Protein chains: 2
Amino acid sequence: MVVETKRAPLDRARVLAAAVALADRSGLDAVSMRAVAAELGVVPMALYKHVDDKDDLVGGMIDTVIEGYDVPDAAPAGADQVRARIRAARTELLRHPWLRPAIETRSRRTPTVIAHMDAVAGAFLADGYSVDLTHHAMHALGHRIWGFSPEAFEEPPATPPSPAEQEAIMRMMATRYPSVTAIAIDAATRNASGACDDDAEFDFTLDLLLDAFARLRAAGWVSRA
Amino acid sequence: MVVETKRAPLDRARVLAAAVALADRSGLDAVSMRAVAAELGVVPMALYKHVDDKDDLVGGMIDTVIEGYDVPDAAPAGADQVRARIRAARTELLRHPWLRPAIETRSRRTPTVIAHMDAVAGAFLADGYSVDLTHHAMHALGHRIWGFSPEAFEEPPATPPSPAEQEAIMRMMATRYPSVTAIAIDAATRNASGACDDDAEFDFTLDLLLDAFARLRAAGWVSRA
DNA sequence: CTTGACAGGTGTACATCGTACACCTAGGCT
DNA sequence: AGCCTAGGTGTACGATGTACACCTGTCAAG
């Protein structure tokens, strides 16, 4: 008689893991209920026994990643601790490109998400920052707390036209948008590929902000008027 | 004989205006091809004669708003000009709440969008900022260039539980997330509603960043090592 | 040992969405 | 007069999220 290898029963963690794996492989758009179910060899509706709805699914995916943050818990306090946490977040963000759009379109907030914010805020407070200054800092850091800089410049969608066309486009750009063109050219002299070093920009801004707040604190800034 | 009042033929601008009006009234999710078509008393497929696809539609909606920026063209140069542009963007952003998610999920970049970035970058350059410093500034300002601060704290989804439950939740929050709770309480002492003054935070961070860059420039910073 | 509740997987069905494709029709040109 | 074409129509398809009824194996209580 044929013995079916019995499938271990699903649980929330396995569902989320499958969704994360799928997103890593094929992007966030590929994460549909049906696709995740197929990944697990199960019918779509089975997922709803472990997940409220699609929104809960991607919320759970985010949580899964956040819980994997490699954060040196016994790290130095204050700004350095903040830096460590944010860099840990960024590492994970780079590993999972779908994470950014996922967080950006998020609606509900989970305990895991709040806990991460609490840890960052706590590091400021532990370093003697006033509550209000910490508040400002959290706002200023914004999404950087999740490891990404919300760029004004997005990746160009990789439309490599013929070299001749490219020349014409460049000329048009240079006359119509001289400033961004100047920046692009300057960046290209520094980086053969012409792409910005996003990682360097991230650190630059992070340091700029952390320094600015350290300066305010040192100057005795406590709270807004 | 019955004389049908002849409908003026559609054009791209009318389609976009209808979509913007609909989004203003009912949110971005309500903007489907079918809904916009209905708004115009036309069949869904008619829109495709004026718009490539849905992505082009929302791109066009964004352009429509950007083109309406009330930017004092003969404004002071430099940081003040940047401030003016960004504040103009923010005004429009507050008028159209759908704008933020629309921009965030954007994929293609339109000339109108590039022109706005070019104007901001140009203001820095005109003020004597080096190209590279301008580049950094654009990255640091990130989405703030579009008028929004990408907050770590999002609006709570307005779940007002019973006062008793609220009390219990607060107590739990205070022990589990002491830092964010401290911030929330502190903010509440300053603002009866307990909500952050997002507008004030926006200005605070904008000033912080612009000051930081002004300081770098004054110190003779020209380009990264 | 029986029974029955319940956790968990199944199957069908539906509304909504974007959009491909073929079609029709009214104006304006040659 | 004849035709081209811009612009609106109609039908249809595949994908998606998810409601609802159903089945089934496990395990604890009687």
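Note that the structure is a prediction, hence the values are computed from the model and not measured. Side chains are part of it too, since the values below use all heavy atoms of this structure and drop only hydrogens, waters and symmetry mates. We name chains A, B, ... by the order of the sequence lines, and we start the count at 1 in each one.
A distance of 9.0 Å separates OG of B:Ser149 from CG of B:Leu93, quoted to the nearest 0.5 Å.
Classification of the B:Phe124-B:Phe213 ring pair by plane angle, with boundaries at 30° and 60°, yields perpendicular.
Contact of the A:Asp55 side chain with the A:Arg106 side chain is registered, since non-hydrogen atoms from C-beta on lie closer than 4.5 Å. Contact check for A:Thr181 versus A:Ile185: side-chain heavy atoms found under the 4.5 Å cut-off. Using a 4.5 Å cut-off on side-chain heavy atoms (C-beta onward), B:Leu141 and B:Ile86 make contact.
Contacts between residues 45-55 of chain B and DNA chain D, defined by a heavy-atom separation below 4.0 Å, involve B:Met45, B:Ala46, B:Lys49, B:His50, listed by number. Near DNA chain D, meaning a heavy atom under 4.0 Å from it, residues 22-33 of chain B has no residue at all.
The number of heavy atoms from other shown groups lying within 6.0 Å of CE (A:Met170) does not exceed 12.
Between B:Arg85 and B:Asp70 there is no salt bridge, since no side-chain nitrogen of the basic residue lies less than 4.0 Å from a carboxylate oxygen of the acidic one.
The CZ-P distance, from A:Arg34 to C:dT10, rounds to 15 Å in whole Å.
The ring-ring contact (aromatic ring centres under 6.0 Å, His included) pairs that include a residue from residues 27-70 of chain B are B:Tyr69-B:His116, where partners are two or more places apart or lie in different chains.
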